[in-house]
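Shown next, in structure tokens, is the structure this report addresses.
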There are 2 protein chains.
Amino acid sequence: MQLTPTGWSILGFLALQPRNGYAIRQAARRSVEHFWGVSDGQLYPQLRHLHELGLIAPAGAAPERGASTTWHLTTAGRGALHEWLRTPSAATRSRDENLVKLMFADDLGRSAVLDLLQERRAAFAATREQVAAVKPGAQRHGEDEALDRVGPRLVHEYSLSFLDAAIGWCEDAMAEVTGQEGS
Amino acid sequence: MQLTPTGWSILGFLALQPRNGYAIRQAARRSVEHFWGVSDGQLYPQLRHLHELGLIAPAGAAPERGASTTWHLTTAGRGALHEWLRTPSAATRSRDENLVKLMFADDLGRSAVLDLLQERRAAFAATREQVAAVKPGAQRHGEDEALDRVGPRLVHEYSLSFLDAAIGWCEDAMAEVTGQEGS
DNA sequence: CTGAACATGTAAAAGGTTACATGATTTT
DNA sequence: AAAATCATGTAACCTTTTACATGTTCAG
């Protein structure tokens with residue numbers, strides 16, 4: 001069984017609990033967004049595809065066009081997800097325009113380098129606040145299977161620790177660049 | 001002037017010093033790879049494109065097919081690069097399959113979560129060694145303008161501090177998951 | 001009843017990765 | 001002379017992004 005990681009991620013969200021496409025998007029925004037964005041244009045085609053493969057099924061009989069459709073995993077879907085979970089992962093990849101700029105910014109002088117670091121710090125700090133405001137796994141109210149999962153909590157903690165490290169680095173770097181007034 | 005960040009990154013490497021396509025790829029591998037990969041299939045078409053825009057020029061008269069071509073920035077190219085450097089950057093984006101799996105791995109039990117964390121730790125540790133082995137900015141021998149640039153050094157330090165944070169988090173997470181033998 | 005949020009979708013274009021294909025140069 | 005590395009390029013495919021398009025439900 002072969003899917004794009006975006007497909008797997010959608011499958012994963014349905015494994016946590018049944019929901020409609022819109023709710024998947026929201027859940028992705030709350031948790032995964034920074035390391036696996038799911039874009040609008042891909043969500044609904046992927047749902048159709050997963051349905052065709054028999055990995056998910058609509059709650060009602062037939063999904064009507066334009067109406068809200070709640071999807072849930074089939075047995076095959078859960079099996080496929082578990083199989084994927086045991087598969088080795090592709091390496092982490094980032095696309096970080098700001099860092100690329102930093103690489104080449106010397107030409108413009110120290111102040112330009114500082115500007116880039118400041119931009120970076122501000123962006124990370126804003127993201128950190130946003131992430132800190134979210135409670136991981138609290139996707140439903142009341143007692144729920146989702147609540148005692150370690151996965152969402154660990155991922156949330158990872159995001160925070162990454163952001164803290166990045167912000168810390170920005171500050172160190174700014175101090176370093178400000179300190180040595182050579183060149 | 002509008003380019004893809006891949007194009008800008010190529011331009012940036014030529015700003016540091018003139019070189020051929022192959023050398024750009026190598027330089028990218030040494031420095032930027034983890035946060036802005038430049039893939040083979042894009043490099044040469046991009047060089048042609050940058051040439052058409054008048055941002056870079058070949059060393060010899062005309063670039064011959066199959067022969068090594070050393071490219072350097074034109075005045076317009078350097079101007080465009082500088083302009084880009086002052087432009088606000090797109091937000092950092094990562095694609096991290098391992099983290100997505102972690103999010104959904106609870107179903108398979110604590111041992112599967114630990115496996116994922118171990119896989120993650122090993123991958124980051126390997127990358128860390130690889131990155132640590134590289135000396136930033138040392139792209140030429142002898143005294144060189146590249147040597148007193150802060151950019152490459154800062155970026156190198158960022159990579160290391162990111163990797164350290166990630167490895168630290170893996171270890172904390174493993175301890176946490178191992179510790180609480182509930183569920 | 002009006003606007004905000006909910007909900008689903010499509011089409012086109014841009015971008016990136018992979019695999020392939022070829023030949024030159026240098027080292028052993 | 002063979003092998004490794006240097007060097008350039010193409011084509012197909014896959015994925016993602018963006019922009020658009022439409023209709024519903026609920027709160028004020």
Side-chain angles (χ1 to χ4, degrees), chain A residues 2-11 13-14 18-30 32-52 56 58-60 62-71 89-97 100 139, chain B residues 2-10 13-14 18-30 32-52 56 58-60 62-71 90-97 100 139:
Chain A
Q2 198 141 347
L3 293 178
T4 72
T6 299
W8 290 117
S9 140
I10 291 172
L11 206 61
F13 279 110
L14 292 178
R19 33 190 146 195
N20 61 31
Y22 194 81
I24 293 172
R25 222 165 53 179
Q26 283 184 310
R29 292 243 168 91
R30 290 166 51 104
V32 167
E33 196 184 23
H34 303 292
F35 49 86
W36 205 283
V38 175
S39 69
D40 296 16
Q42 237 177 322
L43 184 53
Y44 295 100
Q46 276 290 326
L47 284 173
R48 203 190 315 132
H49 186 222
L50 293 173
H51 184 205
E52 280 165 9
I56 62 175
E64 295 163 48
R65 184 186 164 95
S68 173
T69 309
T70 301
W71 299 93
S89 306
T92 301
R93 271 195 191 198
S94 301
R95 305 242 107 178
D96 195 328
E97 207 180 326
V100 178
Q139 308 191 349
Chain B
Q2 198 139 347
L3 293 179
T4 70
T6 298
W8 289 118
S9 140
I10 291 172
F13 279 110
L14 292 177
R19 31 191 148 194
N20 61 30
Y22 193 81
I24 292 172
R25 222 164 53 177
Q26 283 183 309
R29 291 242 167 91
R30 290 167 51 104
V32 165
E33 196 184 25
H34 302 291
F35 48 86
W36 204 283
V38 175
S39 69
D40 295 16
Q42 239 178 318
L43 183 54
Y44 295 100
Q46 276 292 324
L47 284 172
R48 202 190 315 132
H49 185 220
L50 293 172
H51 184 204
E52 280 165 11
I56 63 175
E64 295 163 47
R65 182 184 167 95
S68 172
T69 310
T70 300
W71 298 94
T92 301
R93 278 203 184 183
S94 302
R95 304 241 106 178
D96 194 328
E97 208 182 325
V100 178
Q139 309 191 347

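In the text below, chain A, chain B and the rest are named by the order of the sequence lines, each starting its count at 1. These numbers come from a predicted model, not from an experiment.
- Within 4.0 Å (heavy atoms only), B:Gly41 reaches at least one base atom of the nucleic acid.
- Side-chain N/O atoms of A:Arg25 include none lying less than 4.0 angstrom from OP1 or OP2 on C:dT8.
- Of all non-hydrogen atoms in B:Asp96 and A:Trp36, the two that sit nearest each other are N-CE3, 3.4 Å.
- Note: CZ (B:Arg48) to P (D:dG9) measures 7 Å, nearest angstrom.
- The residue among B:Asn20 and A:Gln42 whose nearest nucleotide of DNA chain D is located toward the 5' end is B:Asn20.
- Nearest-nucleotide assignment on DNA chain D puts the 5′-proximal partner with B:Ala23, out of A:Gly7 and B:Ala23.
- A:His51 has its NE2 atom 14 Å from the P atom of C:dT8, to the nearest Å.
- Distance A:Glu97 CD to C:dG15 C1': 14 Å, rounded to the nearest Å.
- With rounding to whole Å, A:Gln46 atom CD is found 10 Å from D:dT15 atom C1'.
- When each of C:dG16, C:dA7, D:dT8 is scored by its nearest atom to the side-chain atoms of A:Ser68, the top-ranked nucleotide is C:dA7.
- Within the structure, every side-chain polar atom (N or O) of A:Arg19 is placed at least 4.0 Å from both OP1 and OP2 of C:dC6.
- The CG-P distance, from A:Asp40 to C:dC6, rounds to 14 Å in whole Å.
- Residues B:Thr69 and B:Asn20 bring no donor and acceptor atom of their side chains to less than 3.5 Å of each other.
- Atoms OH (B:Tyr44) and P (C:dT18) sit 17 Å apart, rounded to a whole Å.
- Residue A:Thr6 has no polar side-chain atom (N or O) positioned under 4.0 Å from OP1 or OP2 of D:dT15.
- At whole-Å resolution of the value, CD in A:Gln2 and C1' in D:dT15 are 14 Å apart.
- Judged purely by atom type and a 3.5 angstrom limit, A:Glu97 uses its side chain to pair as donor or acceptor with the backbone of B:Ala90.
- Look at CZ on A:Arg93: it is 13 Å from C1' on C:dG15, rounded to the nearest Å.
- Between C:dC6, D:dT16, D:dT17, one nucleotide has an atom nearer to the side chain of A:Trp36 than all others, and that is D:dT16.
- Atom CZ of A:Arg95 has more than 12 neighbouring heavy atoms from other residues, nucleotides or ligands inside a 6.0 Å radius.
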